[in-house]
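Sequence lines set the chain letters: A, B, ... in the order given, protein chains first and strands last, and positions in each chain run from 1.
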Protein chains: 2
Amino acid sequence: MAESGSVGPGGERLLYLTDEQLRKGIEAMFFAYRGFTSDPDRILSDQGYGRAHHRAMHFINRSPGITVNDLLNTLGVTKQSLNRVLRTMIADGLVESRVGCGDRRKRNLYLTERGMALEADLSFVQRARMRAAYRRAGPEAVAGFRTVLEAMMDPEVLVRYNAMKAKG
Amino acid sequence: MAESGSVGPGGERLLYLTDEQLRKGIEAMFFAYRGFTSDPDRILSDQGYGRAHHRAMHFINRSPGITVNDLLNTLGVTKQSLNRVLRTMIADGLVESRVGCGDRRKRNLYLTERGMALEADLSFVQRARMRAAYRRAGPEAVAGFRTVLEAMMDPEVLVRYNAMKAKG
DNA sequence: ATATTATGTCAGTCTTGTTGACATTCCAAG
DNA sequence: CTTGGAATGTCAACAAGACTGACATAATAT
């Protein structure tokens, strides 16, 4: 399974990556991402929500009091798109939107009790799959997994990702 | 970066995975997948196509002559959904649909010259990102990356994934 | 002859992305 | 102090792409 590697003139590691290896990696991302989202998706559709609601809840849970602007930059969607899912979740009592103390244009977002409960359900099944995969793969594989994913992000996104909470 | 591991009574490896580590992995998947799709998405939207067209072209390219049924099972979408994108690509001369030789109910799908050219463009930018990530991460990380992704797939999907071409 | 399978089509709905227009709030330059 | 612009958030309309359900056609299997 280990790819062939050697050391180049600059001392950097060189990998001889065939198109086939790369395409296989592309397919692995596609199929794995489907598995990754499938368990929360089932719960969500029962409740009349979608993946967009899950993502919003995840990041509000991670950063309670986050502003709308910060959240839409994190999610990489337009404010209008985010606003739709926020509106329904606020109406349903999953999310609370408080006017900012310093700057009253801003809205600080929080999960309500009910919001936290649903987020916990979604997170539970998703973490369960992740945990199972990590256990089967082993610690070295997990480290490599994270390293490659981080190398695949856009640089600005990587900064945001690293800024988020303590490193796992 | 390496997680703490130890050996349990059955000899299996045990990982002590905190919720924080797992959530960080979830976020890594989310952000990395965005990067993973962003380059082809740009090309596609210029041409009036979407991610769905890319996925179909990818798998038709991988398995020339694949039937509609096999393709929709691979993609995990309904035939109506697949049919919409196939219809436009056939109309635009990117995909050819030939009546099956043995079983004339079946349609075998092929990329045309133009289809191959577009697929090559899309694949090129996606492979470039994957290659860069692999190079930066190194061979051991790549092996771990693939191992975890495979462990995250649904079992039936993993079978399909393994059946596809030679292993990278 | 009949049932089943493979495919394609039409119609309608839902989620979630988009742009455009607009209201509110804040801040800074006159 | 006022006024103009920037930042922020909301509403409306639209498009892509997923879904279900119903139905038609052709070929194969029983």
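- The closest side-chain donor-acceptor pair between B/Thr18 and B/Arg23, if any, does not fall under 3.5 angstrom.
- Rounding to whole angstrom units, CG of residue A/Asn73 and P of D/dG9 are separated by 10 Å.
- Ring pair B/His58/B/His54 is perpendicular by interplanar angle, where above 60° counts as perpendicular and below 30° as parallel.
- Spacing between atom CG of B/Leu72 and atom C1' of C/dT5 amounts to 13 Å, rounded to whole angstrom units.
- Nucleic acid contact for B/Gly48: none, since no nucleic acid atom lies under 4.0 Å from a heavy atom of the residue.
- The residues A/Arg62 and B/Glu20 are annotated as salt-bridged, a charged nitrogen and a carboxylate oxygen being separated by less than 4.0 angstrom.
- Taking atom CG on A/Leu109 and atom C1' on D/dT10, their separation rounds to 14 Å, with Å as the unit.
- Using a 4.0 Å cut-off, no side-chain N or O of B/Arg107 falls inside it from OP1 or OP2 of C/dT5.
- Remark: the B/Arg105 side chain and the C/dT5 base include a donor-acceptor N/O pair separated by less than 3.5 Å.
- Using cut-offs of 30° and 60° for the angle between ring planes, the A/Phe145 and A/Tyr134 rings count as perpendicular.
- Straight-line distance from the CG atom of A/Asn69 to the P atom of C/dC26: 16 Å, rounded to whole Å.
- B/Glu119 places a side-chain heavy atom less than 4.5 Å from the side chain of B/Leu111.
- Backbone-only engagement by B/Gly102 is indicated by non-hydrogen atom pairs under 4.0 Å involving sugar-phosphate atoms exclusively.
- Taking atom NE2 of residue A/His54 and atom P of nucleotide C/dT15, one finds them 17 Å apart after rounding to whole Å.
- In this structure, the NZ atom of B/Lys106 is 13 Å from the C1' atom of D/dA29, given to the nearest Å.
- For the pair A/His53 and C/dT15, the criterion of a side-chain N or O lying under 4.0 Å from OP1 or OP2 is not met.
- Listed for the B/Arg34 side chain is no donor-acceptor partner under 3.5 Å among the backbone atoms of A/Val157.
- Dashed line: the shortest gap from a side-chain N or O of A/Arg87 to OP1 or OP2 of D/dC11 is under 4.0 Å.
- In this structure a side-chain-to-backbone donor-acceptor pair under 3.5 Å is present from A/Arg114 to A/Asp92.
- Positionally, the nearest nucleotide of DNA chain C for B/Val68 lies more toward the 5' end than for the other of B/Val68 and A/Arg51.
- Heavy-atom distances under 4.0 Å link DNA chain D to B/Gly76, B/Val77, B/Thr78, B/Gln80, B/Ser81, B/Arg84 of residues 76-86 of chain B, given in residue order.
- A sub-4.0 Å separation between OP1 or OP2 of D/dT25 and a side-chain N or O of B/Arg104 is absent.
- For the pair B/Tyr49 OH and D/dA15 P, the interatomic distance rounds to 18 Å; values are reported in whole Å.
- Atom CG of A/Leu71 is separated from atom P of D/dT10 by 12 Å (rounded to the nearest Å).
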